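Here the structure is a predicted model, which means the values were calculated and not measured. Naming convention: chains lettered A, B, ... in sequence-line order (proteins, then strands); numbering from 1 in each chain.
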There are 2 protein chains.
Amino acid sequence: MIKEKCLTCHIKSAAVGYLDETQLRILGENCAEALFRKGEVIFKQDSLSSNIIYLKDGLVKTSMEWNHKNQILNIIKAPAYLGIPTTLGDKINHYSVSSLEDSVVCFIDINTFKMLIDRNGKFAYEIIIHLCKNELKHYQRCVYRSQKHVSGLVADTLLFFSNEIYMDKTFKLPIDRGEFGDLIGTTRETVSRMLKEFHDDHLIEMKGKIVTLINPDMLTKISMSG
Amino acid sequence: MIKEKCLTCHIKSAAVGYLDETQLRILGENCAEALFRKGEVIFKQDSLSSNIIYLKDGLVKTSMEWNHKNQILNIIKAPAYLGIPTTLGDKINHYSVSSLEDSVVCFIDINTFKMLIDRNGKFAYEIIIHLCKNELKHYQRCVYRSQKHVSGLVADTLLFFSNEIYMDKTFKLPIDRGEFGDLIGTTRETVSRMLKEFHDDHLIEMKGKIVTLINPDMLTKISMSG
DNA sequence: GAAAAAACGTGACCTTTGTCACTAACTTAG
DNA sequence: CTAAGTTAGTGACAAAGGTCACGTTTTTTC
């Protein structure tokens, strides 16, 4: 039965792990699952939002547009909640989310979510922890972005994909050069030049979007020293 | 009686407003109030933390140090919670907080705080809202910082102090030029030059740290256009 | 209230990165 | 397979802002 989908779901978030059977059943009745193909927009900045989104599978980017420029705030791998801040605040999405790879997403009714926070302290606590971790990560990212040179940021990003997203020294970049620039606050051209430099210095191997880190230690050094 | 200090406190946070008498009494028994003079460090990056801090009165800055450079993350006016993310995460402070003006602060035992989240859904919800608002503000700040030119950021900052901190066109900057630079990711010298430019263009009046916004509309324009 | 220290202003110069323009390579749709 | 549309690489140049050096003003301290 569809109503039991949350009860039997094996990709539960830490928070949902604390729900009892009744609560899981209510959650199941108030959420809907959807598939987004690579490149599709899951929700868009400035539109209204009345759902919390749980990314069950896939990879997405969150981004903010301002003055015709786009900045990627974060690249998020499942499992994770998306848009808690944007939905619980004033119901207007302050940033956009789109999928970088085919992604499965659960839309959770906001009132159900609020009710769960109200009735289940452990659930609320896990949500708080999730928000806290995010905030710290973002602080870190923000400091790096404004203090490191582009070389350091490009190195950071390559290491991020290798160590945190794909767990492999060889991976396919899920973003193009322009998005790479938007992620670290620079331009398409500068990213190109930097990647070529890393390639010429034998730190990475590259065939289009396929990257292999040959000398991750050196990349780490570059990342550290700015 | 000291034990009743939270019961009778008139500067309660929205969250604490939802506590019942028993919970307020417990809170009162597990918190301590302290005064920090201007310039004092309330807590320091990399040190251990086992308290949530409620800023009852005053003005503080939060900052992160990296590679001998300092970045001010935020300037926060009472009333507000400080260091929820840093304390609920791994107990290590990931940033420092110091007072820009004499400030009164309540140290709340972390286990008491957790207990209140667990037992009072409305309290938990308010904390979540607080974290969400913070996150959105920080996203915004981060995008601005990396996309606007220095002129726009200096204008932003002057408007911020005028509109959000002091509610007055004339105010005394609580930070020196170097800190002003740390706040917007530039240097002491560049801030000096920019302020002089604004002064020469009759947008502001200045005597040392005392600033008067003469043409806030123009400053807003400069802020908007980058 | 004088000496020392901190904060500030300013000019000259240099580096990093952005911008523009153009070409090449790769993707996609028919 | 081929034309059209994307995406990427690269050179020349410009500009914003960082760095350094030094002089001045303000604040602190004794």
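- One interatomic measurement links the two molecules: CZ of B:Arg193 to P of C:dA12, which rounds to 11 Å at whole-angstrom precision.
- We find that CZ of A:Phe180 is positioned 13 Å from P of C:dG18, with the value rounded to whole Å.
- A side-chain N or O of A:Tyr81 and one of A:Ser13 form a donor-acceptor pair less than 3.5 Å apart.
- The distance between atom CD of B:Glu197 and atom C1' of C:dC8, rounded to the nearest whole Å, is 17 Å.
- A:Lys207 comes within 4.0 angstrom of nothing in the nucleic acid, heavy atoms only.
- With rounding to whole Å, A:Gln147 atom CD is found 16 Å from D:dT19 atom C1'.
- The side chain of A:Asp176 has D:dA8 as its nearest neighbour among C:dA12, D:dA8, D:dA16.
- Side-chain nitrogen and oxygen atoms of A:Thr190 include at least one within less than 4.0 Å of the OP1 or OP2 phosphate oxygen of C:dG18.
- One atom, CG of A:Leu173, and another, P of C:dC26, lie 16 Å apart when rounded to the nearest Å.
- Here C:dA6 presents its P atom at 15 Å from CD of B:Glu179, a figure rounded to the nearest Å.
- Checked by distance alone, B:Glu189 brings no side-chain donor or acceptor within 3.5 Å of a matching partner on the base of C:dC8.
- Here the options are B:Arg141, B:His138, B:Lys137, the test is side-chain hydrogen bond (donor to acceptor under 3.5 Å, both in side chains), and the partner is B:Asn74; only B:Arg141 passes.
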Could you please spell out the steps behind the side chain to side chain donor-acceptor pair (under 3.5 Å) verdict for A:Lys91 and A:Thr86?
CA-CA 7 Å; A:Lys91 309 224 168 189; A:Thr86 219; over 6 Å; no

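- Using bins of under 30°, 30° to 60° and over 60° for the plane-to-plane angle, the ring pair A:Phe107/A:Phe36 lands in the tilted bin.
- The phosphate of D:dG18 (OP1 or OP2) has a side-chain N or O of B:Thr187 nearer than 4.0 angstrom.
- The nucleotide whose nearest atom lies closest to any side-chain atom of A:Arg188 is, among C:dC8, D:dG9, D:dT19, D:dG9.
- Of the candidates D:dG18, D:dG9, D:dT7, D:dG18 carries the atom nearest the B:Thr186 side chain, counting heavy atoms from C-beta on.
- A:Gly181 comes within 4.0 angstrom of nothing in the nucleic acid, heavy atoms only.
- Remark: B:Lys209 is in phosphate contact with C:dC8, judged by side-chain N or O atoms under 4.0 Å from OP1 or OP2.
- Electrostatic pairing of A:Lys221 and A:Asp217 does not count as a salt bridge here, judged by no charged N lying under 4.0 Å from a carboxylate O.
- B:Lys196 has its NZ atom 9 Å from the C1' atom of C:dT10, to the nearest Å.
- At whole-Å resolution of the value, CZ in A:Arg177 and P in C:dT19 are 19 Å apart.
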